[in-house]
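Notes for the one structure printed next.
Here is how names work: the chains are called A, B, and so on, in the same order as the sequence lines, proteins then strands, and each is numbered from 1.
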Amino acid sequence: QKEVEQDPGPLSVPEGAIVSLNCTYSNSAFQYFMWYRQYSRKGPELLMYTYSSGNKEDGRFTAQVDKSSKYISLFIRDSQPSDSATYLCAMTSDSSYKLIFGSGTRLLVRP
Amino acid sequence: DAMVIQNPRYQVTQFGKPVTLSCSQTLNHNVMYWYQQKSSQAPKLLFHYYDKDFNNEADTPDNFQSRRPNTSFCFLDIRSPGLGDAAMYLCATSEGQGNQPQHFGDGTRLSIL
């Protein structure tokens, strides 16, 4: 079993839809949770960075962490075609340099 | 403005011919990382430097080496590339450990002939 599980998709939604992306994990030591967006042939771009449980909002993006369930989510409101990309969740513990990534969910927002 | 810069963006080399990929940063971060990412897969950490201290992942092949001559630059050397080494190589930086986020460059896509 992988440490971080993420549905690879693809997830196809119409423009304007609310998108929900999720990851589950098994290591209770993880405290820092990240979402990266990766466009084709580009590097991952940090979207959201959260510590421990709770919600964080930045514009159209909301990140949620539920440590009791070992479950994290990224919500995208009013999705745009420019949001079409692969979304990678990543996480780590306080004492580690190593990010553990999910395999990524490919999102397609149709005009 | 790009803060983690990788050159070249695309690199073609021959089977067995040594190749070097470069990364520079303007963030003055202590930590620099090299990841390998194959198609539709998660990035896989190869090694990282905390300042001048080198840390190799246990499953990184001996074929992969790295150098960090100063804070701003880091190099990935592949001594004898095989066909299985064709991938995107990503450089990242962070100020410190897990409580500091990692910032990635746009990668170098390596092809092996």
Side-chain angles (χ1 to χ4, degrees), chain A residues 2-11 21 23-25 27-52 56 58 61 63 65 67 85-108, chain B residues 2-11 21 23 25 27 29-51 53-60 87-111:
Chain A
K2 292 180 183 177
E3 276 191 285
V4 179
E5 299 278 359
Q6 185 177 9
D7 188 331
L11 177 63
L21 304 168
C23 288
T24 59
Y25 63 95
N27 189 343
S28 58
F30 291 150
Q31 298 180 62
Y32 299 93
F33 303 91
M34 285 138 274
W35 286 95
Y36 287 87
R37 177 175 63 194
Q38 187 172 24
Y39 291 113
S40 180
R41 302 186 188 281
K42 302 282 268 184
E45 172 193 3
L46 182 66
L47 279 179
M48 300 292 282
Y49 175 74
T50 54
Y51 170 70
S52 194
K56 183 175 182 179
D58 184 0
F61 299 93
V65 175
K67 288 194 70 180
T86 296
Y87 289 79
L88 295 155
C89 65
M91 49 201 77
T92 189
S93 62
D94 193 32
S95 59
S96 176
Y97 292 96
K98 187 173 182 176
L99 284 183
I100 308 299
F101 283 89
S103 55
T105 299
R106 189 171 156 225
L107 172 67
L108 174 64
Chain B
M3 295 175 287
V4 181
I5 303 158
Q6 292 189 244
N7 286 305
R9 292 293 318 279
Y10 302 92
Q11 176 74 55
L21 310 181
C23 177
Q25 56 139 338
L27 297 164
H29 282 171
N30 291 317
V31 193
M32 295 187 77
Y33 308 79
W34 280 104
Y35 288 84
Q36 180 192 64
Q37 187 179 27
K38 296 189 175 181
S39 182
S40 301
Q41 295 184 21
K44 178 179 179 294
L45 182 63
L46 296 173
F47 24 61
H48 76 272
Y49 275 95
Y50 184 94
D51 198 10
D53 292 332
F54 177 72
N55 296 270
N56 200 32
E57 292 299 300
D59 56 354
T60 297
M88 172 83 93
Y89 290 88
L90 295 163
C91 175
T93 73
S94 69
E95 288 189 47
Q97 291 178 318
N99 61 349
Q100 303 295 328
Q102 293 184 24
H103 301 272
F104 285 81
D106 276 337
T108 294
R109 182 165 294 278
L110 179 66
S111 299

#### Entry: Side chain / backbone / both / neither for B/Ser40 at chain A, heavy atoms under 4.5 Å
backbone

### Query
Given that the side chain runs from C-beta out, which part of A/Leu46 has a heavy atom under 4.5 Å from chain B: side chain, backbone, both or neither?
side chain

## Note on the structure
To the nearest 0.5 Å, atom CD of B/Gln100 lies from atom OH of A/Tyr32 at 8.5 Å

### Task
Measure A/Gln6 against the heavy atoms of chain B and call it side chain, backbone, both or neither at under 4.5 Å.
neither

### Query
Which heavy atom in B/Gln102 sits nearest to a heavy atom in A/Tyr36, and how many Å separate them?
O-OH, 2.6 Å

### Query
Distance-only, no hydrogens or angles: does the B/Tyr33 side chain make a donor-acceptor pair with backbone N or O of A/Lys98 under 3.5 Å?
no

#### Entry: Heavy atoms of other groups near B/Lys38 NZ, more than 12 under 6.0 Å
yes

#### Entry: Donor-acceptor contact present, side-chain B/Asp106 to main-chain A/Lys42, <3.5 Å
no

#### Entry: Contact leader toward chain A among B/Gln6, B/Gln41, B/Gln37, where contacts are heavy-atom pairs under 4.5 Å
B/Gln37

### Task
Applying side-chain contact (heavy atoms from CB on, under 4.5 Å), run through A/Tyr97 and B/Asn55 and close with a yes or a no.
CA-CA 10 Å; A/Tyr97 292 96; B/Asn55 296 270; 5.9 Å; no

### Task
Flag the one option from B/Ala42, B/Gly107, B/Gly105, B/Pro43 with the top tally of heavy-atom pairs under 4.5 Å to chain A.
B/Pro43

### Query
Using non-hydrogen atoms only, which part of A/Arg106 is less than 4.5 Å away from chain B: side chain, backbone, both, or neither?
neither

### Query
Looking only at heavy atoms, what is the nearest atom pair of A/Pro44 and B/Phe104, with distance?
O-CB, 3.3 Å

